[in-house]
Amino acid sequence: MANSRIARRFAELRAKNEPALVAYVTAGDPTLDATVGIVAALERGGADVIELGVPFSDPIADGPVIMKGAERALAAGASLRGVLDCAARIRAVSDIPILLFSYLNPLMRYGFAKLAADAHAAGVDGVLMTDVSVEEAEPYVASMRDAGLDTVFLAAPTSTPERLALVGRFSSGFVYLVSRTGVTGVRDQVSSQALPLVERMREHTSLPLAVGFGIAKAADAEAVGRLADGVVVGSAFVKLIEAHAGTPELEPRIEALARELKNGAMRSRMTAQA
Amino acid sequence: MTITSQPDAGGHFGPYGGRFVPEVLMAPLEELEHAYAEARKDPAFHAELASLMKNYAGRPTALWRARRLSEHLGGADIYIKREDLLHTGAHKINNCLGQILLAKRMGKTRVIAETGAGQHGVATATVCALFGLDCTVYMGEEDMRRQRLNVFRMRLLGAKVVGVTYGSRTLKDAISEAMRDWVTNIEHTHYLLGSALGAHPYPLMVRDFHSVIGIEARAQMLEAAGRLPDTVIACVGGGSNAIGMFHAFVGDAGVALIGVEAGGRNLTLGEHAARFAGGSPGVLQGCYSYVLQNADGQIALTHSISAGLDYAMIGPEHANLADLGRASYVNCSDADALNAAMMLSRMEGIIPALESSHAVAEAIRRAPSEKGKVILVNLSGRGDKDIDIYRENLKELDGQ
Ligand SMILES: Cc1ncc(COP(=O)(O)O)c(C=O)c1O
């Protein structure tokens, strides 16, 4: 979607030579109320795009941190309808782009057309589904685009050129590059698989590229900022939620980590210019 | 109506099946699909597999006419296909031998698998020992508790057994954990999935490796009874023993195909694993098929006395056969499965696996009203692994 909130945000950042900080949290972890405050803290810290995770019972692409986050959210009663209401509450006070991040089954069960309409009404800007391959994507992409929602797809180090071309074709807003073969989770350093993937994906699309999986520290964000238009961080935030949920420390810590990561990402451009 | 058993290029049986996985797994699934397509055309592959099936696993398995049981029930003539006599004690070895040859062809050095009842884990550990490959098996902690004997068998065979401690701690969670391992170690690792489930090409490939069950049974029926059975019955967890048995009979319009799901304690969501009784189409672990889920699309917990049937989704080819009306699916409670196990033990001297007892129970239920008809039951496994559960539930037989 050429003029979507996501596209505009990336264009503004590009004009300023700033990498985007894309922050993932599981909606409803620890509660949907808390998520609204957590997202505000992320934004204060410098997050540019929010990935709002829809909790699912069987998250095959996630490591233990996000898996436990989903378990907490489901135990606290989060449903897809609740996540959409949460998005609407965020939208009422903020213009930050919101991407729903989900496994297919809860969305399929809700119904694609109804989801597209309700998500749009709630102020959601796009949808990413971890377990929908480009081969199975057509009906879903059509419903989302009809409602004016972006569809973000994943590209992986193992994706063939043919698949990267399809990922580019079906994606709008940005493309999410999975930096490593593995599940989500905090790792020690940015994977060496990331750079070649960015270069290969560039051959197939002019969309912004955001790199995620395993990124947790300012130094990682800086490394990724050199390669790509955006840095995606999830497990590091969810870990903070696990440790500090329900305490007054949670939001300040989330904000501080977001700031650290955004500053790290920004440093990549300063050194590049020097 | 002719029914094709061949999925489309995307692995769809009718609307079901497909490939719903994270992008990272698309490459190894394509690699596997190509390796299997090549192997399928290679006479040397078939020859090696046939030799292993015969000399290592013990095929062909017997077809047994259950005279005492049939006479006792006073109706249909019951025949039993003895997959329980195979090496390792269940049908699972058929698929494992096929897939281990593929793993070798692909140059993989490490194999991972999930297991519920432990039979697939034991069969996987067995073929890995035979071919000298490193083996890791994921198993839910609840299943490790109730199938303790098989945990030890796997370890004795040199496999690493990793307990899964979240979710329902059963087969579903073991599959998720195996998928996470695979996604992290795709280069050297083959995921030896144990049922006709998951992303394409698994449902097709696993079905093909088990189709020997139905091919043998069909010929044996013609030889023993001079006719085809009226009804073929098999239990359905993910669906591998059933589809392996059904495949040869799909084209025989006069043969009714009956799959038996786990009815558990009762048919309230969470208390059973009868996907056709309580489920609806959805996506789980790579596949679109009937699945037990709640109104929000969260996968439901399941229960069955048999670990091997305790799974939320049924394989996609079964979903298609059900939609087409070519096969029908019933369910059997924990209690009826236990009674059937006892009856088969006493009447035929065969102690069945609890999974297989579900199929036997359906035969027992139908036989009295089907005089003159022939029923073929697939006895997918033997009951040694279930002795602890039989003891717990048949207390009157235990003690001094
Ligand atoms: C003896 C036996 N029968 C049946 C099953 C169910 O699997 P499937 O439906 O794939 O045959 C199992 C699974 O563990 C088993 O061990």
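Below, chains carry the letters A, B, ... as their sequence lines are ordered, and counting in each starts from 1.
Under the 4.5 Å side-chain criterion, counting only non-hydrogen atoms from C-beta, A/K68 is not in contact with B/Y166. Using a 4.5 Å heavy-atom threshold, the side chains of A/T181 and B/V183 count as separate. Side-chain contact between A/P106 and B/D296 is absent, with no heavy-atom pair separated by less than 4.5 Å.
Not one N or O on the side chain of B/Q298 forms a donor-acceptor pair closer than 3.5 Å with the backbone of A/S79. Within the 3.5 Å criterion, the main-chain N or O of A/I60 finds no donor-acceptor partner in the side chain of B/S176. Distance alone, capped at 3.5 Å, is enough to place a donor-acceptor pair between the A/S133 side chain and the B/R19 backbone.
Most heavy-atom pairs under 4.5 Å with chain B: of the set A/P157, A/A61, A/A156, this distinction falls to A/A156. Contacts with chain B were tallied for A/L154, A/L107, A/V134; A/L154 has the most, counting heavy-atom pairs under 4.5 Å. Per-residue heavy-atom pair counts under 4.5 Å with chain B were compared for A/M108, A/R180, A/E136, and the maximum is reached by A/E136. The choice from A/E71, A/M67, A/R81, A/M129 that makes the most heavy-atom pairs within less than 4.5 Å of chain B is A/M67. With respect to chain A, the highest number of heavy-atom pairs below 4.5 Å among B/I175, B/V283, B/I186, B/L25 belongs to B/V283.
Interface remark: B/N294 contributes backbone atoms only to the contact with chain A (heavy atom separation under 4.5 Å). Contacts of A/P59 with chain B are made by both backbone and side-chain atoms, with heavy-atom separations under 4.5 Å. Within the 4.5 angstrom heavy-atom criterion, only side-chain atoms of A/V178, from C-beta onward, approach chain B.
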(message) Between B/I299 and A/D58, is the side-chain contact (heavy atoms from CB on, under 4.5 Å) condition met? List the steps.
(response) CA-CA 7 Å; B/I299 306 307; A/D58 297 86; 3.2 Å; yes

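A donor-acceptor pair shorter than 3.5 Å can be found between the side chains of B/Q293 and A/N105. Of the N and O atoms on the side chains of A/R109 and B/S280, at least one donor lies less than 3.5 Å from an acceptor on the other residue. If you check the side chains of A/E135 and B/H200, you find no donor sitting under 3.5 Å from an acceptor.
The number of heavy atoms from other shown groups lying within 6.0 Å of NE2 (A/H120) does not exceed 12. Counting heavy-atom neighbours within 6.0 Å of A/R169 CZ, excluding the residue itself, gives a total of 12 or less.
For A/Y110, the ring-ring contact (aromatic ring centres under 6.0 Å, His included) criterion is met by no residue, not counting sequence neighbours. Taking A/Y176 as the reference, nothing meets the ring-ring contact (aromatic ring centres under 6.0 Å, His included) condition, with sequence neighbours excluded.
In this structure, A/R163 pairs ionically with B/E23, as a charged nitrogen and a carboxylate oxygen lie closer than 4.0 Å.
Here A/T158 contributes atom OG1 and B/E187 contributes atom CD; the two are 11.0 Å apart, rounded to the nearest 0.5 Å. The structure places CZ of A/F56 at 6.0 Å from CG of B/L284, a figure rounded to the nearest 0.5 Å. The structure places CZ of B/F20 at 6.0 Å from CG of A/L104, a figure rounded to the nearest 0.5 Å.
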